[in-house]
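What follows is a short report on a single structure.
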Amino acid sequence: MNQSDPRPDPQDSLAHEPAAGSLSARARAAVAPQSPYLNGLNPEQRAAVEATEGPVLVLAGAGTGKTRVLTTRIAHLIATGKAYPSQILSVTFTNKAAREMRERITAVIGPVAEGMQWLGTFHSIGTKILRRHAELVGLRSDFTILGTDDQLRLMKQVIEAEGIDEKRWPARQLAGHIDGWKNRGLGPDQVPAGEAGAFANGKGGRLYRAYQERLKTLNAVDFGDLLLECLRLWREHPDILEQYQNRFRYMLVDEYQDTNVAQYLWLRLLAQARKNLCCVGDDDQSIYGWRGAEVDKRGAEVDNILRFEHDFPGATVIRLERNYRSTGHILSAASGLIAKNQGRLGKTLRTEDEPGEKVTITGAWDSEEEARLIGEEIEALHAKKHSLSEIAILVRISAQMREIEDRLVTLGVPYRVIGGPRFYERAEIRDALAYLRVVNQPADDLAFERIVNTPKRGLGDATIQVLHNHARAARVPLMEAARFIVETDELKPKPRGTLRDLLISFGRWAKLSETMSQSEVAQTVLEESGYTDMWQKDKSADAAGRLENLKELVRSMEEFPDLQSFLEHVSLVMEANESDTVERVSLMTLHAAKGLEFDTVFLPGWEEGLFPNQRALDESGRAGLEEERRLAHVGITRARRRAKIYFASNRRIHGLWNSTVPSRFIDDLPESNVEVAEAPANFSYGGSRFDRMQPFSGSSYQTPGWQRAQAHRASTDDGGYSARRSGDRRGPMLIEGELVAKSTGGSGFKLGGRVLHTKFGPGTIEAVDGNKLTVEFDKAGRKMVLDSFVEALG
DNA sequence: TGGAGGGGCATTTTT
DNA sequence: TGCCCCTCCA
C-alpha cells in the first residue's frame, strides 16, 4: 500500500470516484504489493478477512483473534481497492476499542488509516451524522449531549411540571423506562400503551414526550437520541439514508452480541442497500442483556446475534474457535461451563497450547478469609517474580471489592480499580464543564443551573425559583432572566448582588475566551469562580484527587483548537489519561473485564445468590441464569495461565452475615480440568464446618462438584485439626475445633445457656434441635446456627 | 441557606 | 453495614 497516496476523498466532493470493482480499482489493486498483512492468519481468520461481499457473521470466541480479523479485514478492503478508508463504517462500543482499532490499522496500512472518518462508537458516529442534519430533526448543529446527571435533573423538572410527586415516582425510575424505550428504538409515540402507563398512573408516555420536548428546547440530546434521532432522520428522509447507504460500501461491527435493538435497526437501515455488513461477536460473551441488548419489537427474547442469519439471508457464518490465549485446562473448563447454556449458536474453543494448570477451586470460611487467601496467593506469585499487572481479581458486584481492597492495602499490594465512574461523569469534571458550557453558550440552562450555586454562594432554591419563573414567563434562557432580575428588586439585596457579580464574571470570561487559549480560560474560570478553592478547602479524602482531575481536564483541553470543539468532543469521548508506571493488580467487575486478559485471574464469590446473582434469576429466570453463566465464562476466559475460583461459606450482605452455598457454576465445570485447591493450613476449620452446613445448604451440597470439594477436603485435611498457621489472628478458632469434635456425639448445649459466636457475638440459646441451635444474639438478633460455630460461655 | 443526622436502600453500566 | 438523599433545625 502506498502510504503517501494523496487520493482525494471522494466524499463531499465531485472528485471522480472509481466504483468498487471497477477496472481502475482492480488495476490499482494489482499494482499493490502482495498482501503481507494476510500472513499469519489461520484459515478461518483468513476466510473472515476475505469474505468481503454480502452479510458475514464472524463468531469469534474469546481469545481467537477477533480484533486482528477486524483490522486485517479493513486493511484488506483498502489495499485491494474495494473501498476508500472514508467508505468504510466501522463501529465499536467503546472509545477505547475504537482507538485501539485505529492504532492497529495504522500499524498495518500506515497513515491512510487516518482517512477512516467513520471509525468510532455508535454514539460518536451518530453524533457526527446528526450534526450534519440537525435542522431536519429539530436541532441546531451545536446541540449539547447530556450526561446522566443532566438527564436526571431534566426529568425531575418534567415530573414536577406535570404535577406528579417526585418522591412517589422518582426521576431515576422514569429515566430507566425512557432509557429502555430508547434502547428498543421506540419514540414517545411508539411505546406500547401498557408500558407507557406503567409509570405515574399512566403518565409515562406523556412524560417521555414532555422530556423530549424539553430536550429540543434546550437544543440537547441524550445518549439514546444519538441513535434514535438518526433512525428518525433516515426514515423521514430516505434521500439522506440513501446518501449514507452509498457512502458506506462496507460496514463492520465489533461486539455485535451487545447491540441493542436501536443499534440493530440503525445498522439494518444502513446495510439494506449493499448488504456488506460484517458483524463480529461472541454470543457466549453477551453480558449486557439487562441493558437492552436483547428483546425485540414483539417483546420476545431474541438476541440480535442469534437471528443474524434470519435477518440477513444468505449470510456467511464463520466460526473462530482456535484460541490463542489460554492453556488447555482453562479453555476446557470454560467450554464445559458454557456448554450448559441452551440459547447459543455453539462453538467449541480449542487450543494447541499445553494443558497447563487446572482451574482451582478454593473454599473459604468467610469473605474475609477469601480475601486473605487471595492476598496470600498474590504475594506468593509476586515472590516468584510474576508481574502484578498480569494479575486480576474479577468480582460479580462492586460491593465485593471493599474487603479485597482492605486486604490488599494491609498487605501493601499495589492495586487499581478499573471501572467505576467515568472521568467525565465525575462531579468535579461535570461542574467544570458546566462553567465552560455557560461561557461558551450562555443559553445552556442545564449547565447554568448546575453551577449557579456551586461553590455555595448563597443562590439557593428560592433564587433559582425566581429565575425559573421569569425564564418560563418570558420564554428566555435562565441567564437572560437573571440579567433582567438583577435590575429589579425581586431578589433580596444579598443574592441580587451575588447574582450580578456572577453575571459580570461570565461576561468577562466570555470576553477572555476570545483572546486566551481555552485551557487558560478554563484555568481562570475555575479559579475566579471559587471552584478550585472549594475543593482546596474540602477536607475529604478524595479532594486532592478531584483537583488532580481538574488539572488533567485543563491539560487535555490544550489538544483542541478552541473551546467549542473541545466541548463538542468531550461529552462522548473524554477519558482520564492513565499515566501509570507502577505495576499493579487490577480489581474490577466481571463486566469491566470483558476484552481484557491476564496471566492469572482470581474469581472470588462463586456462591449461589451472589453469582449467579439472585436478582438476575428472579427477574429474568433462565435467561438470567444463562447470562450469569456467560459472565462466568467471560471471567474464566480472561485467564491465560491461571484461573482461581473462590467461594466463601459466609458472606456479609447488607451488613448481615449469611451462610452461603457454592455456586452451581462450580458444578458446571468439567471435573478433569478442575482441582480443589490444597486446603490452606488455616482452612480446615472451615472444612469441618462445611461438612456440617447441610441443614443450611438446601440441595446444592449434593451436587457432584460440591461432593468433589468435600471429598478432596477430606483427603487433604485431617479432620479439622491441621496445624494452624501461627500468627493467624483468629485466636478462638482452636476452641471451635474442639467444639466440632465434642458436638459430634450430640449437642452439649442447654436452653437458656449463654454462647459466644465468632461473628454474631454473645447470645442466649432459645432452642436446640440436634446440632442446630436457635440463639437470640445480643446484637445480631435471633439466628439459627450450628452448635459447632459457637462456644459455650461461663 | 446549609450542615447534621435519620431513614431507606442496596447488580452488572458504554455512550 | 455503609451510602445517599432528604428533612429538620440553627
Side-chain angles (χ1 to χ4, degrees), chain A residues 91-98 120-127 145-148 151-152 156 166-167 170-172 175-176 179 182-183 221-228 254-255 258-260 262-263 286-293 367 394-403 418-425 427 453-465 492 494-495 498 569-575 588-595 605 609-620 624 627-628 630-632 634-635 651-658 759 779-780:
Chain A
V91 200
T92 62
F93 270 82
T94 64
N95 291 301
K96 188 167 159 240
T121 62
F122 276 105
H123 299 267
S124 69
I125 292 170
T127 308
I145 301 163
L146 262 39
T148 327
Q151 267 180 66
L152 232 44
K156 245 177 217 166
E166 208 265 325
K167 271 155 228 148
R172 193 166 282 286
D179 211 45
K182 290 191 172 178
N183 280 157
V221 296
D222 62 20
F223 284 122
D225 288 337
L226 293 173
L227 295 163
L228 216 53
D254 191 14
E255 305 279 13
D258 290 335
T259 49
N260 61 35
Q263 289 159 338
S286 166
I287 55 175
Y288 285 104
W290 47 273
R291 220 168 46 186
S367 43
L394 311 182
V395 296
R396 176 62 183 83
I397 61 169
S398 316
Q400 289 172 261
M401 289 186 187
R402 172 177 245 99
E403 268 178 313
I418 299 192
R422 294 275 157 293
F423 186 65
Y424 62 85
E425 290 284 345
N453 201 31
T454 311
K456 304 268 187 274
R457 43 172 78 93
L459 299 174
D461 285 347
T463 313
I464 310 285
Q465 206 47 54
K492 292 190 182 120
K494 214 190 274 170
T498 315
H569 203 64
V570 82
S571 50
L572 279 179
V573 291
M574 269 283 291
E575 275 166 53
M588 69 193 97
T589 63
L590 286 159
H591 283 92
K594 199 172 69 161
L610 177 62
F611 191 36
N613 190 274
Q614 192 57 48
R615 210 156 141 178
L617 300 185
D618 292 344
E619 285 170 12
S620 314
E627 178 151 318
E628 294 285 298
R630 290 194 290 270
L631 206 45
V634 166
R651 188 171 295 273
R652 196 160 32 188
I653 299 163
H654 307 328
L656 292 175
W657 284 94
N658 292 76
K759 284 301 164 198
K779 284 185 182 151

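Small disclaimer: the values here were computed from a predicted structure and weren't measured. Lettering of chains follows the sequences in order, A, B, ..., and the numbering in each one begins at 1.
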What is the distance from CG of A/Asn613 to P of B/dT13, rounded to the nearest Å? 12 Å
Going by ring centres under 5.5 Å and near-parallel planes (under 30°), is A/Phe93 stacked on B/dT14? no
Taking N or O atoms only and anything under 3.5 Å, show me the protein contacts with nucleotides 1-3 of chain C, one pair per line.
from, atom 1, to, atom 2, distance (Å)
C/dT1, N3, A/His654, O, 3.1
C/dC3, OP1, A/Arg402, NH2, 3.0

Minimum-distance nucleotide to A/Trp290 side chain [options: B/dT12, B/dT1, B/dT11]: B/dT12
Which nucleotide in the set B/dT15, B/dG2, B/dT1 lies at the smallest distance from any side-chain heavy atom of A/Thr463? B/dT1
Do A/Glu619 and A/Trp290 have side chains that get closer than 4.5 Å, going by heavy atoms? no
Gap between atoms CD and C1', on A/Gln400 and B/dT11 respectively (whole Å): 10 Å
Whole angstroms only, please: what is the CZ-C1' distance between A/Arg615 and B/dT12? 10 Å
Give the rounded distance in Å between these two atoms: CG of A/Asn260 and P of B/dT14. 14 Å
Would you mind reading off the distance between A/Leu152 atom CG and C/dC6 atom C1', rounded to a whole angstrom? 15 Å
Any idea which of B/dT11, B/dT13, B/dG2 is nearest the A/Glu619 side chain? B/dT11
Polar pair under 3.5 Å, donor/acceptor by atom type, side chain A/Arg396, base B/dT12: yes
At under 4.0 Å between heavy atoms, what does A/Asn453 touch on the DNA or RNA strands: base, sugar-phosphate, or nothing? sugar-phosphate
With heavy-atom distances below 4.5 Å as the criterion, would you say the side chains of A/Thr589 and A/Arg396 are in contact? no
Using whole Å, what does the distance between atom P of nucleotide B/dT14 and atom CD1 of A/Ile125 come to? 19 Å
Whole-Å gap separating P (B/dT11) and CD1 (A/Ile653): 12 Å
Once rounded to the nearest 0.5 Å, what's the spacing between atom CG of A/Asp179 and atom CZ of A/Phe223? 10.0 Å
Is any side-chain heavy atom of A/Tyr288 closer than 4.5 Å to a side-chain heavy atom of A/Asn260? no
Has A/Ser398 got a side-chain N or O lying under 4.0 Å from the OP1 or OP2 atom of B/dT12? yes
Considering only heavy side-chain atoms of A/Thr589, the closest of B/dT13, B/dT15, B/dG2 is B/dT13
Interatomic distance, A/Gln151 atom CD to A/Ile145 atom CD1 [nearest 0.5 angstrom]: 11.5 Å
Looking at every strand, decide which applies to A/Thr92 at a 4.0 Å heavy-atom threshold: base, sugar-phosphate, or nothing. nothing
Which part of the nucleic acid, if any, lies within contact of A/Glu628, taking any heavy atom under 4.0 Å across all strands shown: a base, the sugar-phosphate backbone alone, or nothing? base
P gap between B/dT12 and C/dC5, integer Å: 15 Å
In whole angstroms, the gap separating P of B/dT12 from CD of A/Gln614 amounts to 16 Å
Using a 4.5 Å cut-off on heavy atoms from C-beta on, say whether the side chain of A/Lys594 contacts that of A/Asp258. yes
Could you tell me the separation between the NZ atom of A/Lys492 and the OG1 atom of A/Thr498, rounded to the nearest 0.5 Å? 12.5 Å
Which comes earlier along DNA chain B counting from the 5' end, the contact point of A/Arg457 or that of A/Gly224, where each point is its nearest nucleotide? A/Arg457
So what does A/Ala462 touch, heavy atoms closer than 4.0 Å: a base, only the sugar-phosphate, or nothing? sugar-phosphate
Aro-ring/base stack A/Tyr288-B/dT12, d under 5.5 Å, angle under 30°: no
Gap between atom CD of A/Glu255 and atom CZ of A/Phe122 - 0.5 Å precision: 11.0 Å
Describe the nucleic acid contact of A/Thr498 in one word from base, sugar-phosphate, nothing, applying a heavy-atom distance below 4.0 Å. nothing
